[in-house]
Peer 1: 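Attaching a single structure in structure tokens format; questions to follow.
Every chain is numbered from 1 and lettered A, B, ... according to where its sequence line falls, protein lines coming before strand lines.
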2 protein chains.
Amino acid sequence: MKLLPTGKGAGAKPQGLRDRVAAYVIEKITTGEWATGYRIPSENELVATFGVSRMTVHHALRDLASQGFLARRSGSGTYVAEPSAYIAEYAHLDVIREIEDRGGVHRADVLTREIVQPPSPIATAFGAADTGPLFHAVIVHFEDEIPFELEDRWMDPVFIPDGMAIDLSHQTLFSRLMRIRPYRQGSEQVRAVSISAREEQLLAVPSGTPALEVLRKTWSAAGVVTVARMLRAGLNGAMNGCIRASSDF
Amino acid sequence: MKLLPTGKGAGAKPQGLRDRVAAYVIEKITTGEWATGYRIPSENELVATFGVSRMTVHHALRDLASQGFLARRSGSGTYVAEPSAYIAEYAHLDVIREIEDRGGVHRADVLTREIVQPPSPIATAFGAADTGPLFHAVIVHFEDEIPFELEDRWMDPVFIPDGMAIDLSHQTLFSRLMRIRPYRQGSEQVRAVSISAREEQLLAVPSGTPALEVLRKTWSAAGVVTVARMLRAGLNGAMNGCIRASSDF
DNA sequence: AAGTGGTCTAGACCACCGT
DNA sequence: CGGTGGTCTAGACCACTTC
């Protein structure tokens with residue numbers, strides 16, 4: 001083997017070679033020179049253009065494909081991906097962390113904590129009618145003593161064996177679950193709803209205040225783990241997200 | 001060089017070697033054997049374990065890191081990433097496509113289309129007070145002749161030179177913009193709001209119906225491209241997202 | 001100084017697509 | 001069949017962290 005591979009070792013550029021290739025492709029796309037669906041130069045052509053190895057080009061394109069810029073078809077070529085849909089990402093923190101990140105003080109009121117047979121809509125959400133008793137909690141989260149979020153959660157007791165005992169003032173069920181079994185998958189639905197008089201009272205908002213309702217269902221390989229309904233009303237009730245139009249540059 | 005590199009060419013396994021390494025790591029994490037913060041075996045150790053080249057291990061771990069499972073610290077090691085926050089992704093389609101994907105029929109009413117000096121809050125959103133006249137459109141999108149979304153959009157006229165002329169019944173301003181200048185970045189804010197009597201009338205909902213308000217701001221390298229306010233009320237007004245708890249397996 | 005991940009190479013074989 | 005992307009290797013050098 002050679003002692004000095006021509007690339008990095010010798011007269012390396014300030015930036016990585018991979019990044020240079022990627023930047024080149026990105027520029028062509030963003031300037032519109034390579035439109036959606038355009039077939040970009042092959043790996044070997046880019047190898048010739050940049051004088052780098054094919055692996056370098058390959059990984060540059062691979063990364064761009066994983067970021068949604070390119071679509072690669074083995075045996076055919078690499079194409080500029082269609083950006084017709086864009087992704088909005090909402091980074092949900094743990095409620096406690098969300099509040100504390102804003103500099104607020106969190107407090108939780110546990111209104112209900114029980115292990116009971118769920119009503120049928122909840123049982124349905126858990127996938128089967130033969131669900132056994134489930135852990136159920138209703139919690140009001142305060143920010144600086146102002147009600148911020150009303151959480152109504154059902155959970156398979158298997159995942160929080162100590163659910164009836166743990167202190168919920170300083171940790172959320174969510175974070176608790178995370179510690180026991182991280183990495184799950186789920187779906188979320190967001191709506192604007194009118195809420196009941198009791199919910200208005202718990203959230204301390206005037207009658208008729210619209211609320212943001214988030215329905216969340218979380219599952220792991222073993223099945224549905226937890227189903228939750230979160231209500232937010234008033235000034236801090238917004239959700240903030242970041243649009244990633246197939247990318248983040 | 002050898003003609004038969006020991007790996008793939010000869011007695012290859014059904015799955016890729018990279019995937020085997022990745023699957024191994026994933027299993028350790030999901031079973032909890034490697035907890036959050038745990039320092040996993042080094043690349044060289046995994047090389048020894050699996051009998052593959054370091055590049056293979058490296059790319060397996062690199063992929064897992066980009067998916068949020070691992071955090072790699074150069075010079076230190078590879079650690080199981082903290083999944084304390086999770087990401088909810090909302091794949092927004094073009095409104096027209098969203099409706100048609102549901103099997104509905106789309107129609108748009110253009111209530112306003114003008115190029116005017118924006119009111120100061122809009123000018124502020126565009127980043128500077130010295131904004132020139134902006135393209136402004138107010139559009140009601142119907143699904144099967146039922147009002148579905150009210151769109152109020154301001155846009156830099158540079159990005160839609162033919163904005164006053166184009167037919168907006170069969171394409172959205174968004175898709176139009178996409179075609180001219182794809183790949184942008186933005187932010188989004190979702191709230192539950194009460195809407196004005198006129199908005200209730202346009203959306204054909206009873207007085208007091210809560211609405212989902214999405215404020216969206218989009219920019220490119222050149223600055224803010226467009227600012228939009230979308231209102232949805234009633235049954236179809238939900239936003240559906242998918243939770244990606246640092247992953248999608 | 002030893003170990004870690006980050007990067008790059010030159011070559012090889014493969015499955016697949018297109019003609 | 002020639003070209004495309006997909007994968008893997010063995011070796012090399014680097015910047016960095018850790019002790």
Side-chain angles (χ1 to χ4, degrees), chain A residues 1-25 34 37-67 69-81, chain B residues 1-25 34 37-67 69-81:
Chain A
M1 293 295 172
K2 282 191 302 181
L3 286 187
L4 261 193
T6 46
K8 196 67 163 295
K13 299 328 188 277
Q15 239 191 351
L17 298 179
R18 182 147 74 207
D19 296 334
R20 301 234 325 269
V21 176
Y24 172 80
V25 174
W34 292 352
Y38 178 82
R39 180 179 146 165
I40 79 167
S42 74
E43 296 190 349
N44 283 323
E45 288 173 300
L46 290 171
V47 163
T49 304
F50 285 89
V52 299
S53 88
R54 187 165 84 90
M55 278 302 284
T56 302
V57 170
H58 177 77
H59 283 123
L61 298 185
R62 188 177 196 274
D63 285 355
L64 292 179
S66 79
Q67 289 166 35
F69 286 101
L70 301 173
R72 315 198 74 190
R73 283 209 293 276
S74 187
S76 171
T78 302
Y79 303 82
V80 177
Chain B
M1 292 294 173
K2 284 189 300 182
L3 284 187
L4 261 194
T6 46
K8 196 67 164 297
K13 294 343 186 267
Q15 238 191 350
L17 299 179
R18 182 148 73 206
D19 295 334
R20 301 231 325 269
V21 176
Y24 171 80
V25 174
W34 293 351
Y38 179 81
R39 180 180 146 162
I40 80 168
S42 73
E43 295 189 350
N44 283 324
E45 289 173 300
L46 290 172
V47 163
T49 303
F50 284 89
V52 298
S53 86
R54 187 165 83 91
M55 279 304 283
T56 302
V57 170
H58 178 78
H59 282 123
L61 299 185
R62 188 178 196 273
D63 284 355
L64 292 179
S66 79
Q67 288 166 36
F69 285 102
L70 300 173
R72 315 197 74 190
R73 283 208 294 275
S74 187
S76 171
T78 302
Y79 303 82
V80 177

Peer 1: Within the pair B:Arg73 and C:dT4, is there a side-chain N or O less than 4.0 Å away from OP1 or OP2?
Peer 2: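 No.
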Peer 1: Closest to the A:Ser53 side chain: D:dT4, D:dT9, C:dT9?
Peer 2: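 Of D:dT4, D:dT9, C:dT9, C:dT9 is nearest to the side chain of A:Ser53.
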Peer 1: Between A:Ala22 and A:Ala60, what is the shortest heavy-atom contact and its length?
Peer 2: N-CB, 4.2 Å
Peer 1: Send over the distance from A:Phe50 CZ to C:dC8 C1', rounded to a whole Å.
Peer 2: 15 Å
Peer 1: Can you tell me which nucleotide in D:dT17, D:dG5, C:dT9 comes closest to the side chain of B:Ser76?
Peer 2: D:dT17
Peer 1: Enter the distance from B:Arg54:CZ to B:His59:NE2 here, rounded to the nearest 0.5 Å.
Peer 2: 10.0 Å
Peer 1: Side chain of A:Thr56 only, please: which of C:dT9, D:dG5, D:dT9 is the nearest?
Peer 2: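 Shortest atom-to-atom distance from the side chain points to C:dT9.
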Peer 1: Of the nucleotides C:dT7, D:dT4, C:dG5, which has the atom closest to the A:Arg18 side chain?
Peer 2: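 Of the candidates, C:dT7 comes closest.
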Peer 1: CZ of A:Arg18 to CG of A:Leu61: how many Å apart, nearest 0.5 Å?
Peer 2: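 So the CZ of A:Arg18 and the CG of A:Leu61 are separated by 11.0 Å.
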Peer 1: Would you mind telling me which of C:dG6, D:dG6, C:dG11 lies closest to the side-chain atoms of A:Met55?
Peer 2: C:dG11
Peer 1: Identify each donor-acceptor pair in which a side-chain atom of residues 44-51 of chain A lies under 3.5 Å from a protein atom, sequence neighbours left out, and give them as a table.
Peer 2:
from    : atom 1 : to      : atom 2 : distance (Å)
A:Glu45 : OE1    : A:Ser42 : N      : 2.8
A:Glu45 : OE1    : A:Ser42 : OG     : 3.4
A:Thr49 : OG1    : A:Glu45 : O      : 2.9

Peer 1: How long is the span from the CD1 atom in A:Ile40 to the OH atom in A:Tyr79, to the nearest 0.5 Å?
Peer 2: 10.5 Å
Peer 1: Please give, in whole Å, the distance from D:dG3 P to A:Leu61 CG?
Peer 2: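 Taking CG of A:Leu61 and P of D:dG3, I get 19 Å after rounding.
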Peer 1: Which listed nucleotide (C:dT4, C:dT9, D:dG6) is nearest to the side chain of A:Val52?
Peer 2: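 That would be C:dT9.
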Peer 1: Expressed in angstrom and rounded to an integer, what is the separation of A:Leu17 atom CG from C:dG6 atom P?
Peer 2: 17 Å
Peer 1: Do B:Glu43 and B:Arg72 make a side-chain contact, defined as non-hydrogen atoms from C-beta onward lying under 4.5 Å apart?
Peer 2: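 SC-SC contact between B:Glu43 and B:Arg72 confirmed.
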Peer 1: Once you round it to whole Å, what is the distance between P of C:dT4 and CD1 of B:Ile40?
Peer 2: 12 Å
Peer 1: Let me test you: for the helix from C:dA1-D:dT18 to C:dC16-D:dG3, what is the angle between the axes at its two ends (five pairs each), rounded to 10 degrees?
Peer 2: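 Between the first-five-pair axis and the last-five-pair axis there is 10°.
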Peer 1: How is A:His59 classified with respect to the nucleic acid when contacts are heavy atoms under 4.0 Å: base, sugar-phosphate, or nothing?
Peer 2: nothing
Peer 1: Could you tell me how far apart A:Leu46 (CG) and D:dT4 (P) are, to the nearest whole angstrom?
Peer 2: 11 Å
Peer 1: For B:Asn44 and for A:Tyr79, locate the closest nucleotide of DNA chain C by heavy-atom distance; then report the residue assigned to the nucleotide nearer the 5' terminus.
Peer 2: B:Asn44
Peer 1: I need the A:His58 NE2 to A:Thr78 OG1 distance, nearest 0.5 Å.
Peer 2: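 Reported to 0.5 Å precision, the distance equals 9.5 Å.
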Peer 1: Rounded to the nearest angstrom, tell me the gap between atom CZ in B:Arg39 and atom C1' in C:dT4.
Peer 2: 7 Å
Peer 1: If I take atom CG in residue B:Leu64 and atom P in nucleotide C:dG6, what distance separates them, rounded to the nearest angstrom?
Peer 2: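 Value for this atom pair: 13 Å.
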Peer 1: Pick base, sugar-phosphate or nothing for B:Arg54, based on heavy-atom distances below 4.0 Å to the nucleic acid.
Peer 2: base
Peer 1: Would you say a side-chain N or O of B:Ser74 is under 4.0 Å from OP1 or OP2 of D:dT17?
Peer 2: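 No, because none of the side-chain N or O atoms of B:Ser74 sits under 4.0 Å from OP1 or OP2 of D:dT17.
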Peer 1: Using whole Å, report how far CZ of A:Arg62 lies from P of C:dG6.
Peer 2: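 One finds 15 Å between P of C:dG6 and CZ of A:Arg62, rounded.
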Peer 1: Do A:Arg20 and A:Thr56 make a side-chain contact, defined as non-hydrogen atoms from C-beta onward lying under 4.5 Å apart?
Peer 2: no
Peer 1: Taking the side chain of B:Ser42 as heavy atoms from C-beta outward, which of D:dT4, C:dT4, D:dT7 is closest to it?
Peer 2: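 The nucleotide sitting nearest to the side chain is C:dT4.
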